[in-house]
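Below, chains carry the letters A, B, ... as their sequence lines are ordered, and counting in each starts from 1. Fair warning: this is a prediction, and the values are worked out from it, not measured in the lab.
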2 protein chains.
Amino acid sequence: MYKLNPLLHQELRLRIISFLATVERADFNKLLEISSATKGNLSVQISKLQEAGYVEVTKTFKGKYPHTKCMITEKGKKELTEYVSRLKKMLNI
Amino acid sequence: MYKLNPLLHQELRLRIISFLATVERADFNKLLEISSATKGNLSVQISKLQEAGYVEVTKTFKGKYPHTKCMITEKGKKELTEYVSRLKKMLNI
DNA sequence: TAAACTAGTTTATAAAATAAACCAAATTAT
DNA sequence: ATAATTTGGTTTATTTTATAAACTAGTTTA
């Protein structure tokens, strides 16, 4: 009986990482838009994915404003694939 | 952007209800076995599914011991189907 | 120059999950 | 006979997690 990765089995984080799996990279505002999360919550959950090494975060400046870009890592892809596989087995789909 | 049903987006409850979707009914011990949860946790999560009307719980006696049987309801089936559908969309599967 | 906006982070609170403790009755061992 | 263990759970207390609110630092606009 394989357990689901608890870091991925959370709606906002799953939304973030499964979106990042479909694009090359996305900035903070894009993630805000696709998730309709609050900024605070998004910030916290991105940090958790980053700390786990599932997402790489790059902070630069876009003109004079700070700009945060996120990209899924190889580890993130691997873990997402494994999560989806276990979930499918559990849901019989 | 449709949110996932938070009652179903929890590993143990999801495991319980997706198992109940595949059988006519299951007793407490069967659910313990398929989930490898603790009895306390299983009891709590079954109650939550029951309170939501997703699972029907019948308490009888089997010989001299109490015996708890669980069965998914129509509402439970409907909600599980909707949950799975939203999840699939989210995961692009 | 004050107000409002961008782009976030930090922190406090609320909610949830889980484990530990408990309960009542039955069974088994001494 | 009675003490210990087991069955089949429930309740409660603790820990963890999620989330919203408040804050930071600087920029733009009125």
Side-chain angles (χ1 to χ4, degrees), chain A residues 1-20 25-52 54-71 79 83 87 90, chain B residues 1-20 25-52 54-71 79 83 87 90:
Chain A
M1 230 268 318
Y2 297 106
K3 295 246 314 162
L4 299 177
N5 182 332
L7 200 77
L8 295 185
H9 193 64
Q10 195 267 22
E11 179 160 8
L12 180 50
R13 287 193 298 266
L14 192 55
R15 220 173 265 287
I16 293 167
I17 206 162
S18 60
F19 179 75
L20 289 178
R25 71 195 86 75
D27 62 19
F28 195 90
N29 276 316
K30 184 66 190 177
L31 294 177
L32 263 185
E33 178 198 322
I34 64 108
S35 67
S36 35
T38 61
K39 291 187 294 175
N41 197 8
L42 183 59
S43 177
V44 168
Q45 306 309 335
I46 288 174
S47 295
K48 289 189 182 177
L49 291 170
Q50 181 186 19
E51 278 151 32
Y54 295 0
V55 163
E56 196 191 307
V57 178
T58 316
K59 280 162 196 302
T60 57
F61 279 86
K62 191 180 180 180
K64 290 175 175 176
Y65 287 116
H67 194 237
T68 300
K69 271 182 281 191
C70 300
M71 197 181 198
E79 292 293 340
Y83 169 82
L87 195 66
M90 183 170 145
Chain B
M1 230 268 318
Y2 298 106
K3 295 247 313 161
L4 299 177
N5 182 332
L7 200 77
L8 295 184
H9 193 64
Q10 195 268 20
E11 179 161 9
L12 181 49
R13 288 193 298 266
L14 192 54
R15 221 173 264 284
I16 294 167
I17 205 163
S18 61
F19 178 75
L20 289 178
R25 72 194 85 73
D27 62 19
F28 194 90
N29 276 316
K30 183 66 189 175
L31 294 177
L32 262 187
E33 179 199 322
I34 63 107
S35 68
S36 33
T38 61
K39 290 187 295 176
N41 197 8
L42 184 59
S43 177
V44 168
Q45 306 309 334
I46 287 174
S47 295
K48 289 190 182 178
L49 290 170
Q50 180 186 19
E51 278 151 33
Y54 294 1
V55 164
E56 197 190 307
V57 178
T58 317
K59 280 162 196 301
T60 57
F61 278 87
K62 190 179 180 181
K64 292 174 174 176
Y65 286 117
H67 194 236
T68 300
K69 271 182 279 190
C70 300
M71 195 184 201
E79 292 293 339
Y83 169 82
L87 195 65
M90 185 170 144

Check this one for me: any side-chain N or O of [X] less than 4.0 Å away from OP1 or OP2 of [N]?
X: A:N29; N: C:dT6; result: no
X: B:K59; N: D:dG8; result: no
X: A:R13; N: D:dT17; result: no

Item to complete: Please identify each residue that fulfils side chain to side chain contact (heavy atoms under 4.5 Å, CB included) with A:K39, with sequence neighbours left out.
Response: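 A:F28, A:L32.
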Measure [atom1]/[X] against [atom2]/[N] and give the value in whole Å, please.
X: B:L31; N: D:dG9; atom1: CG; atom2: P; answer: 10 Å
X: A:Q10; N: D:dT17; atom1: CD; atom2: P; answer: 11 Å
X: B:H67; N: D:dT10; atom1: NE2; atom2: P; answer: 13 Å
X: A:E51; N: C:dT10; atom1: CD; atom2: P; answer: 10 Å
X: B:I46; N: D:dG9; atom1: CD1; atom2: P; answer: 8 Å
X: A:F61; N: C:dT6; atom1: CZ; atom2: C1'; answer: 12 Å
X: B:E11; N: D:dT16; atom1: CD; atom2: C1'; answer: 15 Å
X: A:L7; N: D:dT16; atom1: CG; atom2: P; answer: 16 Å

Worksheet item: NA contact type, B:K62, heavy-atom cut-off 4.0 Å: base, sugar-phosphate, or nothing?
Response: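 The answer is nothing, as B:K62 stays clear of every strand by at least 4.0 Å.
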Item to complete: Mind checking B:T68 for me? I need base, sugar-phosphate or nothing, with any heavy atom below 4.0 Å counting as a touch.
Response: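 Sugar-phosphate contact only - B:T68 comes under 4.0 Å of backbone atoms but never of a base.
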If I compare all heavy atoms of [X] with all of [Y], which pair ends up nearest, and what's the gap?
X: A:R13; Y: A:Q10; result: N-OE1, 2.9 Å
X: A:A52; Y: A:L7; result: CB-CD2, 3.3 Å
X: B:M90; Y: A:S18; result: O-OG, 3.3 Å
X: B:R15; Y: A:M1; result: NH1-SD, 2.9 Å

Item to complete: Would you mind reporting whether B:T68 and B:T60 have side-chain heavy atoms less than 4.5 Å apart?
Response: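 SC-SC contact between B:T60 and B:T68 ruled out.
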Practice prompt. Can you run down the salt bridge (charged side-chain N to carboxylate O under 4.0 Å, His left out) pairs that involve residues 55-66 of chain A, sequence neighbours left out, and say none if there aren't any?
Written response: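 Matches after skipping sequence neighbours: none remain.
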Practice prompt. For A:E79, check salt bridge (Lys or Arg N to Asp or Glu O under 4.0 Å) against everything at least two apart and list the hits.
Written response: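 By the salt bridge (Lys or Arg N to Asp or Glu O under 4.0 Å) rule, A:E79 matches no residue at all.
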Worksheet entry | Residues which pass side chain to side chain donor-acceptor pair (under 3.5 Å) with B:K30, listed by chain and number, not counting sequence neighbours |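 With neighbours one apart ignored, the set is B:E33.
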Practice prompt. Enumerate the residues from residues 32-45 of chain B whose closest heavy atom to DNA chain D is under 4.0 Å, giving them by residue number; use none for an empty result.
Written response: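 B:K39, B:G40, B:S43, B:V44 - these, ordered by number, are the residues of the stretch whose heavy atoms sit under 4.0 Å from the strand.
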Would you tabulate the nitrogen or oxygen pairs shorter than 3.5 Å linking the protein to nucleotides 25-30 of chain D?
none

